[in-house]
Amino acid sequence: MIKSVITLCGDPGGAEALAPVLASLSVDAGIQLENFAYNEGVGVLTRHGIAHRAAGTVAEVIRSLTGTGAAMLLTATSCNDKNWERTAIAEARRRGIPSIAVLDFWSNYAARFACGRGSPPIFPDLIVAMDERARLEMAAAGIPAEIIVVAGQPAFDDLAAERAGFTAGHRSQLREEQGVPSTAMVALFASQPMQAATGEGPGFDELEVLAATVHAFESAIQSNGVRPWLVVRPHPRENCRKFADIRSDLVPVVVSSAGTGRQAAMAADLVVGMNSALLAEACFLGCAVISLQPGLRGPDPLPTNAAGQSRAVYRKEDIPAVLLPYLLREDVRRAAQRTAGASVPAGGAAARIAALIRDRLFHPAFEPSSHP
């Protein structure tokens with residue numbers, strides 16, 4: 001008997017994690033997928049070649065969920081002003097349809113399922129976490145431990161292959177597209193929309209950190225005569241125009257979305273940012289990475305900082321001193337690259353999650369849980 005599965009993703013990180021799982025499930029003759037995407041998820045699934053419908057409203061998803069005899073709802077998780085995944089999970093629970101959500105990053109655990117002040121959160125029947133750290137942090141955030149299973153981060157499955165396939169020719173071509181000299185020392189600034197964070201916020205924002213980075217570069221130029229280039233890469237949820245006021249008479253600053261984020265990281269000599277998933281990916285790709293989170297409130301979500309694969313800076317006044325040796329000395333960058341790339345996720349997460357879904361689909365004991 002063919003089982004119908006409705007899937008949904010919105011945020012780019014969640015869509016990147018879900019896409020490899022959908023690709024794995026799509027070859028199963030016993031499963032019929034109906035994939036929906038919204039916001040940046042549309043572009044992510046398109047780039048991965050995943051057939052899908054761009055949902056104009058969450059009602060379209062609900063109609064398919066309730067009108068096609070769906071056996072399961074499979075979602076990513078999002079932290080945006082729509083969060084249609086949460087709405088779909090609530091409807092699936094109301095209809096008695098089992099649901100599974102795939103987590104993609106080590107932050108905002110409760111916010112992904114929160115329903116507003118005074119209302120209890122809505123949890124799926126199963127949440128797939130990246131690792132043991134995520135499982136423990138989710139449980140500490142109030143997510144029932146019994147619905148959490150660790151299976152890895154599917155978006156990281158292809159990192160080793162992507163690293164091996166990136167050549168010097170690819171590097172030169174991408175730099176040409178960015179407008180950067182092929183022989184220049186280049187740092188990539190991986191931005192992310194911190195200003196849009198809800199609640200108290202992380203204690204810093206992207207423009208503040210970028211300005212501090214440019215200032216540190218200027219200090220290096222004035223005191224040592226180096227001339228590094230800075231390529232600002234907007235997050236998929238950011239508009240390039242927001243960086244129009246970032247200028248310097250000393251530092252060549254380029255705003256570019258050429259290539260993929262991973263390719264841009266590998267084309268650079270140094271990757272600087274805050275705590276986006278791209279920084280973790282850059283580490284696994286063997287890049288020298290510095291995470292600037294001045295005034296950070298709460299725990300650091302970037303796993304590579306805790307593992308020592310990336311260098312974390314938590315005070316604004318320390319930024320120039322930390323950046324300087326990375327800008328001046330190739331041996332420092334090479335050492336950081338070796339440390340960063342020494343540990344890479346094993347891969348196979350998409351296959352493990354797909355196997356888990358197949359088991360739940362065709363196992364009669366899997367029923368919707370009693371959690372809210």
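Every heavy atom of this structure was used, including side-chain atoms; hydrogens, water molecules and symmetry mates were not. These figures come from a predicted structure and were not determined experimentally.
Here the side chains of E177 and S256 are not in contact, with every heavy-atom distance at 4.5 Å or above. At least one side-chain heavy atom of L207 sits under 4.5 Å from a side-chain heavy atom of Q195.
The number of heavy atoms from other shown groups lying within 6.0 Å of NZ (K316) does not exceed 12. For R133, the CZ atom sits in a packed shell: over 12 heavy atoms of surrounding residues, nucleotides or ligands are nearer than 6.0 Å. Within a 6.0 Å radius of NE2 in H215, other residues, nucleotides and ligands contribute 12 heavy atoms or fewer.
Using a cutoff of 4.0 Å between basic side-chain nitrogens and carboxylate oxygens, R63 and E60 are not scored as salt-bridged. Taking a cutoff of 4.0 Å between a charged side-chain nitrogen and a carboxylate oxygen, R163 and E281 do not qualify as a salt bridge.
Of all heavy-atom pairs spanning A76 and A15, the tightest one is CB-N, 4.3 Å. Shown here for A354 and V21, the closest heavy-atom pair between the two residues is N-CG1, 4.4 Å. For the pair L285 and R262, the tightest heavy-atom approach, listed with the atom from each and the gap, is CD1-CB, 3.7 Å. In terms of heavy atoms, L103 sits closest to A129 at CB-CA, 4.4 Å. Listed here is the closest heavy atom pair of V332 and P325: CB-O, 3.8 Å. Across all non-hydrogen atoms, the minimal contact from L279 to G273 is CD1-C, 3.7 Å.
To the nearest 0.5 Å, atom CD of residue Q263 and atom CD of residue Q178 are 10.0 Å apart. The CD1 atom of I127 sits 8.5 Å away from the OG1 atom of T77 when rounded to the nearest 0.5 Å. Interatomic distance, E137 CD to I143 CD1, rounded to the nearest 0.5 Å: 10.5 Å. The structure places CZ of F105 at 5.5 Å from CG of L302, a figure rounded to the nearest 0.5 Å. Atom CZ of residue F204 and atom CD of residue E208 lie 8.5 Å apart, to the nearest 0.5 angstrom. A distance of 8.0 Å separates CZ of F189 from CG of L230, quoted to the nearest 0.5 Å.
In this structure a side-chain-to-backbone donor-acceptor pair under 3.5 Å is missing from Q293 to D300. At least one donor-acceptor pair closer than 3.5 Å links the side chain of R352 to the backbone N or O of G347. Side chain of H48 to main chain of L45: no donor-acceptor pair is present (N/O by atom type, distance under 3.5 Å, no hydrogens or angles). Although no hydrogens or angles enter the test, the distance criterion places a donor-acceptor pair under 3.5 Å between the side chain of S310 and the main chain of N305. Between the S78 side chain and the D11 main chain, a donor and an acceptor come within less than 3.5 Å of each other. A distance-only check finds a donor-acceptor pair linking the side chain of N83 to the backbone of R112 [under 3.5 Å]. When atom types are taken as modelled, the side chain of D157 and the backbone of A349 share a donor-acceptor pair closer than 3.5 angstrom.
Taking the six-membered ring for Trp and thresholds of 30 and 60 degrees, W106 and F156 have nearly parallel ring planes, at less than 30 degrees apart.
Side-chain polar atoms of Q153 and D131 form no donor-acceptor pair below 3.5 angstrom.
The side-chain contact (heavy atoms from CB on, under 4.5 Å) test with L18 singles out one residue from L74, L8, I353, V44, and that residue is L74.
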Determine whether T46 and H52 satisfy the following criterion, side chain to side chain contact (heavy atoms under 4.5 Å, CB included), listing intermediate values before the conclusion.
CA-CA 8 Å; T46 299; H52 65 281; 3.2 Å; yes
Side-chain donor/acceptor pairs under 3.5 Å, residues 31-38, sequence neighbours excluded:
from, atom 1, to, atom 2, distance (Å)
E34, OE2, R53, NH1, 2.8
E34, OE2, S64, OG, 3.0
N35, OD1, T7, OG1, 2.7
N35, ND2, A51, O, 2.9
Y38, OH, N80, ND2, 3.2
Y38, OH, W84, N, 3.1
Y38, OH, E85, OE1, 2.5

